[in-house]
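Below is one structure; the comments refer to it alone.
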Protein chains: 2
Amino acid sequence: MIARSNVTIADVAREAGVSTQTVSRVLNNKGEISPETRRLVSDVIQRLGYRPNSVARSLVTRRTLSLGLVVPDITNPFFPEIARGAEDTALAAGYSVFLCNTTEQAEREVAVLRLLEEKRVDGVVVCSARLPDDQLVPLLRRQRTVVLVNRIVAGAAAGVVRVDDADGTRQAVRHLLGGGRRRLAMLSGPPASWGGRERVRGFREALQAAGLAVDPELILACPPYLDGGARAARRVLLSRRAVDGLVCYNDLVAIGALQACRELGARVPEDVAVVGCDDILLASLVTPPLSTIRVSKYDIGASAVRMLLDRIAAPGPEAAELVIRPTLVARASTPEPHPAAGAAGTTRPAAGGAAARPSAARAGCEPG
Amino acid sequence: MIARSNVTIADVAREAGVSTQTVSRVLNNKGEISPETRRLVSDVIQRLGYRPNSVARSLVTRRTLSLGLVVPDITNPFFPEIARGAEDTALAAGYSVFLCNTTEQAEREVAVLRLLEEKRVDGVVVCSARLPDDQLVPLLRRQRTVVLVNRIVAGAAAGVVRVDDADGTRQAVRHLLGGGRRRLAMLSGPPASWGGRERVRGFREALQAAGLAVDPELILACPPYLDGGARAARRVLLSRRAVDGLVCYNDLVAIGALQACRELGARVPEDVAVVGCDDILLASLVTPPLSTIRVSKYDIGASAVRMLLDRIAAPGPEAAELVIRPTLVARASTPEPHPAAGAAGTTRPAAGGAAARPSAARAGCEPG
DNA sequence: TTTATCGATGTTAGCGATAACGTGATCCTT
DNA sequence: AAGGATCACGTTATCGCTAACATCGATAAA
């Protein structure tokens with residue numbers, strides 16, 4: 001017969017005939033305790049079904065062993081793996097993670113950061129913050145520790161884990177140019193996205209490096225979902241401008257674009273080549289399989305939390321930046337590059353790449 | 001210049017020249033306060049940048065305004081929408097949500113439930129618990145409030161939100177039989193999954209109702225991922241038994257099966273029809289688009305939290321069960337049913353069904 | 001023996017909030 | 001005008017735990 005949960009440390013102490021302090025010491029393996037006492041106390045704890053109240057503990061230790069993870073939208077396939085990497089790493093260190101969706105709304109981004117502050121979490125990982133700097137920085141300053149994912153702000157004293165999106169997009173553009181494409185458009189995602197702006201920068205730079213003009217009308221913002229991509233792609237395809245390649249903010253947008261192409265009778269990749277970004281599971285499974293910029297999302301989450309824990313442990317250096325370099329994965333939605341134009345670093349996997357994590361759903365073989 | 005966060009209610013009280021109790025009353029809009037005092041205190045709070053410490057508050061109120069959400073694996077596309085529905089509902093009521101992945105490991109399921117207990121969350125939503133009853137029940141009894149998703153246990157005093165999986169599978173089987181199939185196999189997912197067992201039950205019942213024999217060799221357990229589905233499907237297809245229809249534990253398994261079929265040269269749906277379950281985004285986008293049993297995952301999460309909050313507010317009735325009835329969505333992976341055999345309730349959408357939620361990534365039009 | 005050392009425990013004082021009750025004013029009642 | 005509401009606060013006592021210091025017997029060093 002297991003007792004209910006209202007047991008306190010005082011009950012245990014009374015029952016064991018020792019002070020609460022002694023019980024506390026057994027609990028936390030702190031200080032010197034005689035083996036007999038330890039066993040005695042442990043037995044009583046077991047018998048009463050005592051579980052320490054971490055609320056009370058947090059009040060005095062000033063540490064909650066909780067973290068916040070702020071994402072725009074967990075239903076966006078980019079984020080679940082990040083969350084998983086974050087939670088695995090946190091749990092291994094004894095931390096729990098609050099998951100907060102901002103749903104791409106500034107107001108809710110503010111709300112959850114405030115909530116996490118009141119909850120006194122030991123640190124926060126903020127992914128793809130959409131708030132402008134002047135609103136974001138004050139909120140971040142109030143947090144105990146912060147790691148930003150795919151966002152840089154000045155003066156926030158935050159760690160940063162970011163994907164080199166500009167580089168990724170440059171790779172994509174070079175790949176398309178290498179395949180003979182000359183009229184590229186970009187579906188650039190939410191204007192408030194820092195990563196989106198980086199990708200636009202990479203897009204521009206790569207075009208200019210190749211001596212090509214950048215047509216601002218061919219850079220279209222869109223919501224980071226299927227619909228957004230489909231809509232934006234339709235606009236591009238229906239405009240007078242002939243376009244033979246689409247570089248997309250993420251894979252969802254790219255797959256939306258794929259749908260728009262099919263709708264409008266544009267063959268992929270013959271008429272229009274399409275490149276996505278992130279390499280979500282979906283990318284390898286659609287028809288045609290989507291070329292994309294791959295990055296290990298699990299690692300992003302895991303590294304971010306690891307950095308956060310480091311900063312919690314040693315609030316020393318203000319700066320810390322981890323840059324993750326993405327790689328292009330060429331699939332059927334883009335043409336083979338001309339043998340001459342060597343697209344360095346490009347992989348064309350026989351079967352989906354090996355996942356970093358054991359139980360991960362593998363991309364598997366690509367249905368063609 | 002905004003102050004740092006170490007401001008306590010006592011600081012505010014001192015600065016405003018009132019008691020901490022008065023400040024507390026302003027904070028919580030409780031009791032009678034004169035307008036002047038309220039404004040005075042509010043100003044000081046503003047000026048000092050005071051945020052109440054919810055750890056201290058929780059200690060005395062015995063409520064943390066936190067919930068736990070336990071899922072097998074957030075990277076499984078079935079769960080992000082549930083999490084989103086749960087978080088939206090929780091946040092609207094002022095609650096935060098701890099996300100916990102059990103990674104299909106009993107040991108970790110135990111660990112996170114213990115952690116949540118120590119954190120003194122006000123309630124827990126447990127999705128697809130894999131622990132056997134005798135281990136699960138004691139852990140649940142220790143939680144303040146529990147809602148189980150897709151799992152039933154005796155004597156746990158928990159609310160239940162569940163999908164009528166048996167019915168869903170019956171629909172799937174009837175649909176396949178209506179399409180003229182006679183040799184059906186089932187890839188039934190993890191043996192520890194309650195939903196999986198329900199689906200097997202539905203499978204058996206529907207076959208028996210049609211006067212067909214159930215071949216136990218054609219019911220294969222498998223991990224709930226692409227790989228698992230592919231592997232199990234290969235086993236079935238390579239066995240001597242001729243099979244013309246596959247009913248799958250979930251869409252990932254079904255898509256894995258699709259890959260196996262392609263590999264082995266079995267045409268879908270001509271040679272083998274395939275039905276998935278859950279209607280994840282992926283399902284409508286693969287080739288051929290996957291017929292599946294649809295259920296609103298967002299609603300599952302939202303309802304579960306709503307039920308949890310109800311039970312927290314009124315710990316009255318021991319029992320509460322919400323059954324969500326799924327519907328078959330027929331796509332190209334299954335043959336049209338014969339006009340005679342009316343498969344009631346079946347939808348064959350022109351374009352993906354309307355999502356319940358505004359910003360949701362729509363299934364969109366089916367390429368094919 | 002005396003004293004210092006140390007190991008094993010107990011005592012006291014909060015952590016930052018709210019619950020519950022107490023206390024003067026003020027304002028009606030009758 | 002005395003008694004009783006009502007209002008607008010203030011006081012006190014926890015909530016369950018741990019930090020920091022105090023204690024106390026036993027062993028080792030002088």
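This is a predicted model, so every value here is computed, not measured.
One can place CZ of B/Arg51 at 17 Å from P of C/dG16, the figure rounded to the nearest angstrom. Rounded to an integer number of Å, the gap from CG of B/Leu59 to C1' of D/dA13 is 13 Å. In this structure, the CG atom of A/Asp11 is 9 Å from the P atom of D/dG16, given to the nearest Å. Counting to the nearest Å, the P atom of C/dA17 and the CD atom of A/Glu118 are 10 Å from each other. The distance from atom CD of A/Glu32 to atom P of C/dT5 is 17 Å, rounded to the nearest whole Å. In this structure, CZ of B/Arg63 is placed 15 Å from C1' of D/dC15, rounded to the nearest angstrom. Atom pair B/Lys119:NZ and D/dG16:P shows a separation of 19 Å (rounding to whole Å applied). In this entry the distance linking CG of B/Asn53 with C1' of C/dG16 reads 6 Å, nearest Å.
Every residue meeting the side-chain hydrogen bond (donor to acceptor under 3.5 Å, both in side chains) condition with B/Arg14, not counting sequence neighbours, appears here in chain and number order: B/Asp11. Legend: residues meeting side-chain hydrogen bond (donor to acceptor under 3.5 Å, both in side chains) with B/Asp310, ordered by chain and number and at least two apart, are absent. Among residues two or more places apart in sequence or in another chain, the side-chain hydrogen bond (donor to acceptor under 3.5 Å, both in side chains) test is passed with B/Glu321 by B/Arg162. Remark: B/Tyr50 pairs with no residue by the ring-ring contact (aromatic ring centres under 6.0 Å, His included) rule, at least two apart or across chains. Residues passing the side-chain hydrogen bond (donor to acceptor under 3.5 Å, both in side chains) test with A/Asn76, sequence neighbours excluded: none.
Look at B/Thr8 and you won't find any side-chain N or O under 4.0 angstrom from OP1 or OP2 of C/dG16. Taking side-chain N and O atoms only, A/Ser34 has a distance below 4.0 Å to OP1 or OP2 of C/dT9. Remark: B/Thr37 is not in phosphate contact with D/dA8, judged by side-chain N or O atoms under 4.0 Å from OP1 or OP2. Between A/Arg38 and C/dA8 there is no side-chain N or O to OP1 or OP2 distance below 4.0 Å.
Within 4.0 Å of B/Ser19, counting heavy atoms only, lies at least one base atom of the nucleic acid. Nucleic acid contact class of A/Val55 (heavy atoms, under 4.0 Å, all strands): none.
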Item to complete: If a protein heavy atom is under 4.0 Å from the base, mark B; if only from the sugar-phosphate, S; if neither, -; do that for nucleotides 18-29 of chain C going 5' to 3'.
Response: BBB---------

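For A/Val18, whose side chain is taken as the heavy atoms from C-beta onward, the closest listed nucleotide among C/dG10, D/dC9, D/dG16 is C/dG10.
The minimum heavy-atom distance between B/Pro132 and B/Arg151, with the atom names listed, is C-NH2, 3.7 Å.
Within 6.0 Å of atom CZ in B/Arg38, more than 12 heavy atoms from other residues, nucleotides or ligands are found, so the atom counts as buried in its surroundings.
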